[in-house]
Trainee: 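Got a structure here, written out as C-alpha coordinates. Questions coming.
Heavy-atom basis, side chains included; hydrogens, waters and symmetry copies ignored. Labels below follow one simple rule: chain letters A, B, ... track the order of the sequence lines, proteins then strands, and each chain is numbered from 1.
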Amino acid sequence: MTQQPDIERLLDHWFAEGPSQVPDRVFDDAVGRLDRQSQTSAWRLRWRNLNVTTPARLAVAAIAIIAVLGAGLVVLRPSSNVGQPPIPTASPSPSPSPSSASTVDGAQRLPISGPIEPGRYYIERGPLSAATFSFTVPAGWSAQNGGLVKHRDDSEREIGWGPTVVETLFADPCGTNETVAIGPTADDLIAALAELPGLEVGDPADITIGGQPARSVELTVAPTMDVATCDPPIGLQVWLDRAGSYLLIGPDLPGRIVAMDVAGGRLVLVYGGRESTPPGDVAELDEMLATIQVEP
Amino acid sequence: VDHDLVEAAQRGDREAFVDLIRTRADHLYALCHRMLRDVDRAEDAFQDALVIAWRDLRALRDPDRLDAWMRRVFVNVCLEHATRERHRTAVLRVLPVDGPAAPDGLLSVGDRDQLERGFRRLPPQQRAILVLHHFAGYPPDEIADLLGIPPGTARSRLHNAHRAMRAALDADARVEVARGRPA
(Lines give C-alpha, C1' and ligand atoms only; values in the text may rest on other atoms or scores of the structure.)
Protein backbone atom coordinates (compact mmCIF):
# COMPACT_ATOMS: atom_id res chain seq x y z
CA MET A 1 0.00 0.00 0.00
CA THR A 2 1.09 3.58 -0.68
CA GLN A 3 0.67 5.48 2.56
CA GLN A 4 -0.47 9.08 2.77
CA PRO A 5 2.94 10.62 3.55
CA ASP A 6 4.38 8.61 0.68
CA ILE A 7 1.87 9.83 -1.87
CA GLU A 8 2.34 13.42 -0.79
CA ARG A 9 6.10 13.10 -1.06
CA LEU A 10 5.81 11.41 -4.45
CA LEU A 11 3.53 14.18 -5.69
CA ASP A 12 5.88 16.87 -4.42
CA HIS A 13 8.72 15.37 -6.40
CA TRP A 14 6.64 14.51 -9.45
CA PHE A 15 5.25 18.02 -9.81
CA ALA A 16 8.75 19.44 -9.46
CA GLU A 17 9.60 17.75 -12.72
CA GLY A 18 8.74 19.32 -16.04
CA PRO A 19 9.31 22.56 -17.88
CA SER A 20 9.77 25.60 -15.69
CA GLN A 21 10.09 28.27 -18.38
CA VAL A 22 7.63 29.36 -20.97
CA PRO A 23 9.20 29.11 -24.44
CA ASP A 24 9.94 32.50 -25.97
CA ARG A 25 7.90 31.77 -29.09
CA VAL A 26 4.85 30.94 -26.96
CA PHE A 27 5.20 34.16 -24.98
CA ASP A 28 5.79 36.22 -28.11
CA ASP A 29 2.83 34.67 -29.92
CA ALA A 30 0.58 35.42 -26.96
CA VAL A 31 1.77 39.02 -26.84
CA GLY A 32 1.10 39.25 -30.56
CA ARG A 33 -2.48 38.18 -29.93
CA LEU A 34 -2.99 41.09 -27.53
CA ASP A 35 -2.99 43.48 -30.44
CA ARG A 36 -6.12 41.80 -31.72
CA GLN A 37 -7.90 41.73 -28.37
CA SER A 38 -9.46 44.82 -26.90
CA GLN A 39 -10.02 45.16 -23.20
CA THR A 40 -13.48 44.62 -21.82
CA SER A 41 -15.18 47.68 -20.43
CA ALA A 42 -15.26 47.40 -16.69
CA TRP A 43 -18.97 47.95 -16.46
CA ARG A 44 -19.85 44.73 -18.22
CA LEU A 45 -17.37 42.40 -16.62
CA ARG A 46 -19.00 39.31 -15.36
CA TRP A 47 -18.79 37.66 -12.00
CA ARG A 48 -17.07 34.57 -13.33
CA ASN A 49 -14.14 36.73 -14.36
CA LEU A 50 -13.87 38.32 -10.98
CA ASN A 51 -13.82 35.49 -8.54
CA VAL A 52 -10.61 36.12 -6.61
CA THR A 53 -11.25 36.17 -2.90
CA THR A 54 -14.38 36.94 -1.02
CA PRO A 55 -13.52 40.54 -0.20
CA ALA A 56 -11.54 41.01 -3.34
CA ARG A 57 -14.08 39.49 -5.65
CA LEU A 58 -16.79 41.69 -4.30
CA ALA A 59 -14.54 44.66 -4.69
CA VAL A 60 -13.63 43.91 -8.24
CA ALA A 61 -17.17 42.93 -9.07
CA ALA A 62 -18.21 46.30 -7.82
CA ILE A 63 -16.33 47.97 -10.56
CA ALA A 64 -18.65 46.47 -13.10
CA ILE A 65 -21.77 48.21 -12.02
CA ILE A 66 -20.24 51.04 -10.09
CA ALA A 67 -18.44 52.17 -13.15
CA VAL A 68 -21.60 52.32 -15.12
CA LEU A 69 -23.85 53.69 -12.46
CA GLY A 70 -21.37 55.96 -10.83
CA ALA A 71 -21.14 58.32 -13.68
CA GLY A 72 -24.55 57.43 -14.94
CA LEU A 73 -26.34 60.19 -13.15
CA VAL A 74 -24.15 62.74 -14.76
CA VAL A 75 -23.81 61.20 -18.13
CA LEU A 76 -27.19 59.85 -18.75
CA ARG A 77 -29.46 62.72 -18.08
CA PRO A 78 -31.18 63.64 -21.29
CA SER A 79 -28.64 65.64 -23.11
CA SER A 80 -31.03 68.30 -24.24
CA ASN A 81 -33.32 68.74 -21.26
CA VAL A 82 -31.58 68.84 -17.91
CA GLY A 83 -33.97 68.71 -15.01
CA GLN A 84 -36.45 66.40 -16.62
CA PRO A 85 -36.67 62.70 -15.82
CA PRO A 86 -33.36 61.21 -16.76
CA ILE A 87 -34.56 58.74 -19.31
CA PRO A 88 -35.90 60.17 -22.53
CA THR A 89 -39.49 59.63 -23.39
CA ALA A 90 -39.82 57.54 -26.44
CA SER A 91 -42.36 58.05 -29.14
CA PRO A 92 -45.78 57.00 -27.98
CA SER A 93 -48.25 54.74 -29.72
CA PRO A 94 -45.93 52.19 -31.16
CA SER A 95 -47.64 49.95 -33.60
CA PRO A 96 -47.51 46.39 -32.38
CA SER A 97 -45.84 44.12 -34.82
CA PRO A 98 -46.11 40.39 -34.99
CA SER A 99 -43.13 38.79 -33.42
CA SER A 100 -42.00 35.83 -31.45
CA ALA A 101 -39.30 35.34 -28.87
CA SER A 102 -36.76 34.48 -31.50
CA THR A 103 -37.55 36.78 -34.40
CA VAL A 104 -38.21 40.48 -34.53
CA ASP A 105 -39.23 41.98 -37.82
CA GLY A 106 -36.57 44.13 -39.36
CA ALA A 107 -34.12 43.63 -36.53
CA GLN A 108 -31.08 41.47 -36.09
CA ARG A 109 -30.30 39.65 -32.92
CA LEU A 110 -27.67 41.57 -30.94
CA PRO A 111 -24.58 39.40 -30.60
CA ILE A 112 -23.26 38.89 -27.11
CA SER A 113 -20.05 40.74 -27.88
CA GLY A 114 -18.25 42.24 -30.82
CA PRO A 115 -18.45 45.07 -33.33
CA ILE A 116 -21.78 45.64 -35.01
CA GLU A 117 -23.04 47.64 -37.95
CA PRO A 118 -25.52 50.46 -37.37
CA GLY A 119 -29.10 49.28 -37.61
CA ARG A 120 -32.01 47.74 -35.81
CA TYR A 121 -31.21 45.06 -33.24
CA TYR A 122 -33.05 43.11 -30.62
CA ILE A 123 -32.17 41.45 -27.33
CA GLU A 124 -34.07 38.30 -26.66
CA ARG A 125 -35.82 37.35 -23.48
CA GLY A 126 -33.50 35.20 -21.37
CA PRO A 127 -31.02 35.41 -18.50
CA LEU A 128 -30.20 39.00 -19.38
CA SER A 129 -33.63 40.32 -20.09
CA ALA A 130 -37.20 39.65 -19.02
CA ALA A 131 -38.51 40.67 -22.42
CA THR A 132 -37.53 40.73 -26.03
CA PHE A 133 -37.00 44.30 -27.14
CA SER A 134 -35.54 46.02 -30.16
CA PHE A 135 -33.76 49.31 -30.65
CA THR A 136 -31.79 51.22 -33.26
CA VAL A 137 -28.04 51.39 -32.90
CA PRO A 138 -26.08 54.27 -34.46
CA ALA A 139 -22.55 53.89 -35.81
CA GLY A 140 -19.68 53.37 -33.42
CA TRP A 141 -21.36 51.14 -30.86
CA SER A 142 -20.39 47.57 -30.05
CA ALA A 143 -22.11 44.68 -28.39
CA GLN A 144 -20.56 43.65 -25.14
CA ASN A 145 -21.71 40.89 -22.81
CA GLY A 146 -25.29 41.28 -23.91
CA GLY A 147 -25.41 45.06 -23.75
CA LEU A 148 -24.10 47.97 -25.78
CA VAL A 149 -21.03 50.06 -25.30
CA LYS A 150 -19.18 52.84 -27.05
CA HIS A 151 -15.49 53.62 -26.62
CA ARG A 152 -14.89 50.25 -25.04
CA ASP A 153 -11.14 50.68 -25.46
CA ASP A 154 -11.15 54.02 -23.74
CA SER A 155 -12.09 53.77 -20.11
CA GLU A 156 -12.27 57.54 -19.79
CA ARG A 157 -14.97 57.90 -22.41
CA GLU A 158 -16.83 54.62 -22.39
CA ILE A 159 -20.58 54.65 -22.14
CA GLY A 160 -23.08 51.87 -22.27
CA TRP A 161 -26.31 50.30 -21.18
CA GLY A 162 -27.88 46.91 -20.90
CA PRO A 163 -30.70 44.87 -19.47
CA THR A 164 -30.56 42.80 -16.31
CA VAL A 165 -32.82 40.32 -14.55
CA VAL A 166 -33.04 40.66 -10.78
CA GLU A 167 -35.13 38.43 -8.57
CA THR A 168 -33.70 38.94 -5.10
CA LEU A 169 -31.94 41.68 -3.15
CA PHE A 170 -29.37 41.31 -0.43
CA ALA A 171 -31.23 41.82 2.83
CA ASP A 172 -28.39 43.87 4.24
CA PRO A 173 -26.41 45.44 1.40
CA CYS A 174 -23.63 46.23 3.81
CA GLY A 175 -23.24 42.80 5.29
CA THR A 176 -24.51 39.28 4.95
CA ASN A 177 -25.31 37.29 1.86
CA GLU A 178 -28.87 36.64 2.97
CA THR A 179 -31.33 37.59 0.28
CA VAL A 180 -34.92 38.68 0.20
CA ALA A 181 -37.25 37.76 -2.62
CA ILE A 182 -38.98 40.57 -4.42
CA GLY A 183 -42.32 40.62 -6.14
CA PRO A 184 -42.64 40.48 -9.88
CA THR A 185 -43.47 44.08 -10.75
CA ALA A 186 -41.42 47.21 -11.29
CA ASP A 187 -43.04 48.78 -8.25
CA ASP A 188 -42.18 45.70 -6.18
CA LEU A 189 -38.53 46.19 -7.06
CA ILE A 190 -38.56 49.86 -6.23
CA ALA A 191 -40.42 49.25 -2.98
CA ALA A 192 -38.00 46.51 -1.99
CA LEU A 193 -35.05 48.76 -2.76
CA ALA A 194 -36.53 51.44 -0.54
CA GLU A 195 -36.56 48.98 2.37
CA LEU A 196 -32.87 48.20 2.22
CA PRO A 197 -30.87 49.64 5.12
CA GLY A 198 -28.28 52.19 4.15
CA LEU A 199 -29.62 52.69 0.64
CA GLU A 200 -31.39 55.85 -0.36
CA VAL A 201 -33.87 55.55 -3.20
CA GLY A 202 -34.89 58.73 -4.96
CA ASP A 203 -38.43 59.55 -5.94
CA PRO A 204 -39.37 57.33 -8.88
CA ALA A 205 -39.75 59.23 -12.11
CA ASP A 206 -42.57 58.09 -14.37
CA ILE A 207 -41.31 57.79 -17.90
CA THR A 208 -42.19 55.85 -21.00
CA ILE A 209 -40.12 53.38 -22.92
CA GLY A 210 -41.46 52.39 -26.29
CA GLY A 211 -44.77 53.91 -25.37
CA GLN A 212 -45.11 51.84 -22.23
CA PRO A 213 -44.92 53.16 -18.68
CA ALA A 214 -41.64 52.71 -16.83
CA ARG A 215 -40.10 54.04 -13.65
CA SER A 216 -36.65 55.41 -13.19
CA VAL A 217 -34.99 55.65 -9.79
CA GLU A 218 -31.70 56.97 -8.56
CA LEU A 219 -29.86 55.03 -5.90
CA THR A 220 -27.38 56.52 -3.47
CA VAL A 221 -25.76 55.63 -0.18
CA ALA A 222 -27.52 57.20 2.79
CA PRO A 223 -25.43 60.01 4.31
CA THR A 224 -25.40 58.25 7.66
CA MET A 225 -24.02 55.05 6.17
CA ASP A 226 -20.30 54.34 6.54
CA VAL A 227 -19.47 51.87 3.79
CA ALA A 228 -16.02 51.30 5.25
CA THR A 229 -17.78 48.89 7.58
CA CYS A 230 -19.28 46.95 4.69
CA ASP A 231 -18.05 43.91 2.82
CA PRO A 232 -16.63 44.99 0.44
CA PRO A 233 -15.70 48.24 2.19
CA ILE A 234 -16.45 50.35 -0.82
CA GLY A 235 -20.18 50.31 -1.11
CA LEU A 236 -23.53 48.62 -0.75
CA GLN A 237 -24.04 45.28 -2.42
CA VAL A 238 -27.61 45.50 -3.63
CA TRP A 239 -28.18 42.45 -5.80
CA LEU A 240 -26.66 39.66 -7.77
CA ASP A 241 -28.52 39.35 -11.04
CA ARG A 242 -29.42 36.20 -12.90
CA ALA A 243 -26.45 36.57 -15.22
CA GLY A 244 -23.98 36.97 -12.37
CA SER A 245 -23.40 40.71 -12.11
CA TYR A 246 -23.50 42.57 -8.84
CA LEU A 247 -25.02 45.97 -8.33
CA LEU A 248 -23.02 47.99 -5.86
CA ILE A 249 -23.67 51.57 -4.92
CA GLY A 250 -20.86 53.64 -3.43
CA PRO A 251 -20.87 56.92 -1.54
CA ASP A 252 -19.60 58.85 -4.51
CA LEU A 253 -20.96 56.34 -6.99
CA PRO A 254 -24.71 56.61 -7.17
CA GLY A 255 -26.69 54.53 -9.60
CA ARG A 256 -29.77 54.58 -11.70
CA ILE A 257 -32.06 51.90 -13.01
CA VAL A 258 -35.19 51.83 -15.09
CA ALA A 259 -37.83 49.20 -14.43
CA MET A 260 -40.99 48.48 -16.35
CA ASP A 261 -43.66 45.81 -16.32
CA VAL A 262 -43.83 43.75 -19.46
CA ALA A 263 -45.63 40.62 -20.51
CA GLY A 264 -42.66 38.46 -19.54
CA GLY A 265 -42.20 40.01 -16.14
CA ARG A 266 -40.09 42.99 -15.14
CA LEU A 267 -37.65 44.55 -17.57
CA VAL A 268 -34.77 46.31 -15.82
CA LEU A 269 -32.22 48.45 -17.62
CA VAL A 270 -28.93 49.63 -16.13
CA TYR A 271 -27.18 52.65 -17.59
CA GLY A 272 -23.79 54.17 -17.22
CA GLY A 273 -20.89 56.07 -18.59
CA ARG A 274 -18.20 58.49 -17.57
CA GLU A 275 -18.28 62.14 -16.72
CA SER A 276 -15.80 62.62 -19.51
CA THR A 277 -17.97 60.92 -22.10
CA PRO A 278 -18.49 63.33 -25.00
CA PRO A 279 -21.96 64.93 -24.93
CA GLY A 280 -22.54 63.73 -28.46
CA ASP A 281 -22.24 60.15 -27.29
CA VAL A 282 -24.66 60.81 -24.46
CA ALA A 283 -27.09 62.18 -26.98
CA GLU A 284 -26.64 59.07 -29.09
CA LEU A 285 -27.44 56.91 -26.12
CA ASP A 286 -30.53 58.99 -25.40
CA GLU A 287 -31.67 58.58 -28.97
CA MET A 288 -31.04 54.86 -28.85
CA LEU A 289 -33.11 54.44 -25.70
CA ALA A 290 -35.92 56.39 -27.31
CA THR A 291 -36.09 53.79 -30.06
CA ILE A 292 -36.69 50.87 -27.70
CA GLN A 293 -39.66 48.80 -28.68
CA VAL A 294 -40.65 46.05 -26.28
CA GLU A 295 -42.08 43.08 -28.09
CA PRO A 296 -45.43 41.77 -26.88
CA VAL B 1 3.30 44.98 -7.52
CA ASP B 2 4.01 48.08 -9.56
CA HIS B 3 0.83 50.06 -9.20
CA ASP B 4 1.75 52.39 -12.02
CA LEU B 5 2.25 49.49 -14.38
CA VAL B 6 -1.04 47.91 -13.41
CA GLU B 7 -2.91 51.16 -13.85
CA ALA B 8 -1.21 51.83 -17.16
CA ALA B 9 -2.12 48.35 -18.35
CA GLN B 10 -5.70 48.90 -17.26
CA ARG B 11 -5.77 52.04 -19.36
CA GLY B 12 -4.81 49.95 -22.37
CA ASP B 13 -1.00 50.15 -22.32
CA ARG B 14 0.03 46.80 -23.78
CA GLU B 15 3.71 47.31 -23.03
CA ALA B 16 2.94 47.82 -19.38
CA PHE B 17 0.92 44.62 -19.38
CA VAL B 18 3.74 42.72 -21.05
CA ASP B 19 6.15 44.02 -18.43
CA LEU B 20 3.83 42.84 -15.71
CA ILE B 21 3.36 39.41 -17.19
CA ARG B 22 6.98 38.79 -18.15
CA THR B 23 8.11 38.18 -14.60
CA ARG B 24 5.16 35.93 -13.88
CA ALA B 25 4.98 34.00 -17.12
CA ASP B 26 7.23 31.09 -16.20
CA HIS B 27 5.35 30.26 -13.02
CA LEU B 28 1.96 30.57 -14.71
CA TYR B 29 3.05 28.44 -17.63
CA ALA B 30 4.45 25.78 -15.32
CA LEU B 31 1.18 25.82 -13.39
CA CYS B 32 -0.74 25.14 -16.61
CA HIS B 33 1.68 22.44 -17.65
CA ARG B 34 1.33 20.58 -14.37
CA MET B 35 -2.45 20.68 -14.63
CA LEU B 36 -2.61 19.60 -18.26
CA ARG B 37 0.45 17.31 -18.38
CA ASP B 38 0.99 18.12 -22.02
CA VAL B 39 3.33 20.71 -23.48
CA ASP B 40 1.17 21.60 -26.49
CA ARG B 41 -1.99 21.99 -24.43
CA ALA B 42 -0.13 23.97 -21.80
CA GLU B 43 1.14 26.34 -24.46
CA ASP B 44 -2.34 26.81 -25.90
CA ALA B 45 -3.84 27.36 -22.47
CA PHE B 46 -1.10 29.79 -21.49
CA GLN B 47 -1.72 31.89 -24.58
CA ASP B 48 -5.48 31.87 -24.10
CA ALA B 49 -5.12 32.82 -20.44
CA LEU B 50 -2.76 35.64 -21.23
CA VAL B 51 -5.20 37.13 -23.72
CA ILE B 52 -8.10 36.75 -21.29
CA ALA B 53 -6.08 38.37 -18.51
CA TRP B 54 -5.44 41.32 -20.80
CA ARG B 55 -9.06 41.49 -21.88
CA ASP B 56 -10.42 41.46 -18.34
CA LEU B 57 -7.69 43.39 -16.55
CA ARG B 58 -10.01 46.26 -15.79
CA ALA B 59 -11.81 43.95 -13.40
CA LEU B 60 -8.81 44.15 -11.09
CA ARG B 61 -9.60 46.88 -8.62
CA ASP B 62 -6.75 46.41 -6.17
CA PRO B 63 -3.31 46.24 -7.85
CA ASP B 64 -1.99 44.42 -4.78
CA ARG B 65 -4.20 41.52 -5.78
CA LEU B 66 -2.68 41.24 -9.24
CA ASP B 67 -0.89 37.97 -8.56
CA ALA B 68 -3.88 36.27 -7.00
CA TRP B 69 -6.14 37.54 -9.74
CA MET B 70 -3.75 36.46 -12.48
CA ARG B 71 -3.34 33.03 -10.95
CA ARG B 72 -7.09 32.67 -10.77
CA VAL B 73 -7.47 33.55 -14.44
CA PHE B 74 -4.81 31.07 -15.50
CA VAL B 75 -6.11 28.26 -13.30
CA ASN B 76 -9.61 28.79 -14.68
CA VAL B 77 -8.47 28.73 -18.28
CA CYS B 78 -6.33 25.65 -17.71
CA LEU B 79 -9.27 23.98 -16.00
CA GLU B 80 -11.36 24.69 -19.08
CA HIS B 81 -8.70 23.17 -21.27
CA ALA B 82 -8.48 20.15 -18.99
CA THR B 83 -12.24 19.70 -19.18
CA ARG B 84 -12.14 19.90 -22.97
CA GLU B 85 -9.37 17.35 -23.01
CA ARG B 86 -11.38 14.92 -20.95
CA HIS B 87 -14.34 15.25 -23.25
CA ARG B 88 -12.34 14.94 -26.40
CA THR B 89 -9.69 12.33 -25.89
CA ALA B 90 -9.08 9.04 -24.33
CA VAL B 91 -6.57 8.83 -21.56
CA LEU B 92 -3.09 9.23 -22.92
CA ARG B 93 0.07 8.03 -21.38
CA VAL B 94 2.65 10.71 -21.62
CA LEU B 95 5.94 10.49 -19.83
CA PRO B 96 7.77 13.70 -19.06
CA VAL B 97 10.39 14.21 -21.69
CA ASP B 98 11.69 17.62 -20.83
CA GLY B 99 12.64 19.60 -17.78
CA PRO B 100 14.66 18.54 -14.81
CA ALA B 101 14.06 15.28 -13.05
CA ALA B 102 13.60 15.20 -9.32
CA PRO B 103 17.01 15.77 -7.80
CA ASP B 104 17.11 12.84 -5.45
CA GLY B 105 16.05 10.17 -7.92
CA LEU B 106 13.08 9.33 -5.74
CA LEU B 107 10.79 8.59 -8.67
CA SER B 108 11.26 5.63 -10.93
CA VAL B 109 9.97 5.52 -14.48
CA GLY B 110 7.24 3.22 -13.24
CA ASP B 111 6.25 5.68 -10.52
CA ARG B 112 5.97 8.48 -13.04
CA ASP B 113 3.87 6.36 -15.35
CA GLN B 114 1.52 5.39 -12.55
CA LEU B 115 1.26 8.95 -11.28
CA GLU B 116 0.56 10.14 -14.78
CA ARG B 117 -2.23 7.70 -15.31
CA GLY B 118 -3.72 8.27 -11.89
CA PHE B 119 -3.60 12.02 -12.32
CA ARG B 120 -5.27 11.91 -15.71
CA ARG B 121 -8.16 9.99 -14.26
CA LEU B 122 -8.88 12.77 -11.75
CA PRO B 123 -11.57 15.36 -12.39
CA PRO B 124 -10.03 18.69 -13.43
CA GLN B 125 -10.93 20.36 -10.13
CA GLN B 126 -9.01 17.73 -8.18
CA ARG B 127 -6.08 18.08 -10.55
CA ALA B 128 -6.01 21.80 -9.94
CA ILE B 129 -6.05 21.32 -6.19
CA LEU B 130 -3.17 18.86 -6.30
CA VAL B 131 -1.12 21.20 -8.47
CA LEU B 132 -1.86 24.24 -6.34
CA HIS B 133 -0.97 22.33 -3.19
CA HIS B 134 2.04 20.29 -4.27
CA PHE B 135 3.50 22.47 -7.00
CA ALA B 136 2.56 26.00 -5.97
CA GLY B 137 2.66 25.21 -2.26
CA TYR B 138 -0.69 26.63 -1.22
CA PRO B 139 -2.46 25.37 1.88
CA PRO B 140 -6.10 24.32 1.42
CA ASP B 141 -7.50 27.57 2.76
CA GLU B 142 -5.61 29.60 0.17
CA ILE B 143 -6.67 27.17 -2.54
CA ALA B 144 -10.25 27.68 -1.46
CA ASP B 145 -9.78 31.40 -1.77
CA LEU B 146 -8.23 31.06 -5.17
CA LEU B 147 -10.87 28.74 -6.57
CA GLY B 148 -13.78 30.45 -4.87
CA ILE B 149 -14.89 27.40 -2.95
CA PRO B 150 -15.43 26.88 0.78
CA PRO B 151 -12.29 25.86 2.73
CA GLY B 152 -13.96 22.63 3.78
CA THR B 153 -14.60 21.75 0.16
CA ALA B 154 -10.97 22.43 -0.72
CA ARG B 155 -9.78 20.23 2.12
CA SER B 156 -12.11 17.38 1.21
CA ARG B 157 -11.20 17.61 -2.46
CA LEU B 158 -7.52 17.51 -1.60
CA HIS B 159 -8.11 14.53 0.62
CA ASN B 160 -10.10 12.77 -2.08
CA ALA B 161 -7.45 13.54 -4.68
CA HIS B 162 -4.77 12.06 -2.47
CA ARG B 163 -6.90 9.00 -1.89
CA ALA B 164 -7.60 8.63 -5.60
CA MET B 165 -3.94 8.93 -6.48
CA ARG B 166 -3.00 6.43 -3.82
CA ALA B 167 -5.69 4.04 -5.04
CA ALA B 168 -4.48 4.45 -8.61
CA LEU B 169 -0.96 3.57 -7.66
CA ASP B 170 -2.09 0.62 -5.58
CA ALA B 171 -4.35 -0.65 -8.37
CA ASP B 172 -1.53 -0.42 -10.89
CA ALA B 173 0.74 -2.24 -8.48
CA ARG B 174 -1.79 -5.04 -8.13
CA VAL B 175 -2.09 -5.34 -11.91
CA GLU B 176 1.67 -5.62 -12.23
CA VAL B 177 1.75 -8.32 -9.57
CA ALA B 178 -1.10 -10.18 -11.26
CA ARG B 179 0.88 -10.17 -14.47
CA GLY B 180 3.68 -11.82 -12.67
CA ARG B 181 5.89 -8.80 -12.46
CA PRO B 182 6.97 -7.22 -9.22
CA ALA B 183 5.30 -3.95 -8.42
Trainee: Heavy-atom distance under 4.5 Å to chain A: side chain of B:Arg22, backbone, both or neither?
Mentor: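 The answer is both parts of B:Arg22.
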Trainee: Do A:Glu167 and A:Trp239 pair up side chain to side chain, a donor and an acceptor below 3.5 Å, judged on atom types alone?
Mentor: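 Short answer, no.
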Trainee: Could you check whether B:Tyr29 and B:Phe74 have their ring centres less than 6.0 Å apart?
Mentor: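 No.
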Trainee: Does this structure show an ion pair linking B:Arg166 with A:Asp6, if we count only N-O contacts that are shorter than 4.0 Å?
Mentor: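 Between A:Asp6 and B:Arg166 there is no salt bridge, as every charged N stays at least 4.0 Å from the carboxylate O atoms.
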Trainee: So for atom CD, which belongs to B:Glu7, do other residues, nucleotides or ligands contribute more than 12 heavy atoms lying within a distance under 6.0 Å?
Mentor: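 Yes, because the 6.0 Å sphere around CD of B:Glu7 holds more than 12 heavy atoms from other groups.
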Trainee: Tell me, please, whether B:Trp69 has B:Arg24 positioned over its six-membered ring: NZ or CZ under 6.0 Å from the ring centre and within 45 degrees of its axis?
Mentor: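 Ring-cation test returns no.
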Trainee: Side chains of residues 23-30 of chain A: which donor-acceptor pairs under 3.5 Å do they make with residues two or more places apart or in other chains?
Mentor:
from	atom 1	to	atom 2	distance (Å)
A:Arg25	NH1	B:Glu43	OE1	3.1
A:Arg25	NH2	B:Glu43	OE1	3.2
A:Arg25	NH2	B:Glu43	OE2	2.9

Trainee: Are B:Glu116 and B:Arg120 close enough, and set up right, to give a salt bridge (charged side-chain N to carboxylate O under 4.0 Å, His left out), and what steps lead you there?
Mentor: CA-CA 6 Å; B:Glu116 197 77 47; B:Arg120 285 177 179 281; 3.7 Å; yes
Trainee: Is it the side chain or the backbone of B:Leu31 that comes within 4.5 Å of chain A heavy atoms, both, or neither?
Mentor: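 Neither the backbone nor the side chain of B:Leu31 comes within 4.5 Å of chain A.
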Trainee: Could you list which of residues 133-142 of chain B have a heavy atom closer than 4.5 Å to any heavy atom of chain A, in residue-number order?
Mentor: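 Listed by number: B:His133, B:His134, B:Phe135.
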Trainee: Who wins among B:Ala25, B:Cys32, B:Ala49 for the most heavy-atom pairs under 4.5 Å with chain A?
Mentor: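 The answer is B:Ala25.
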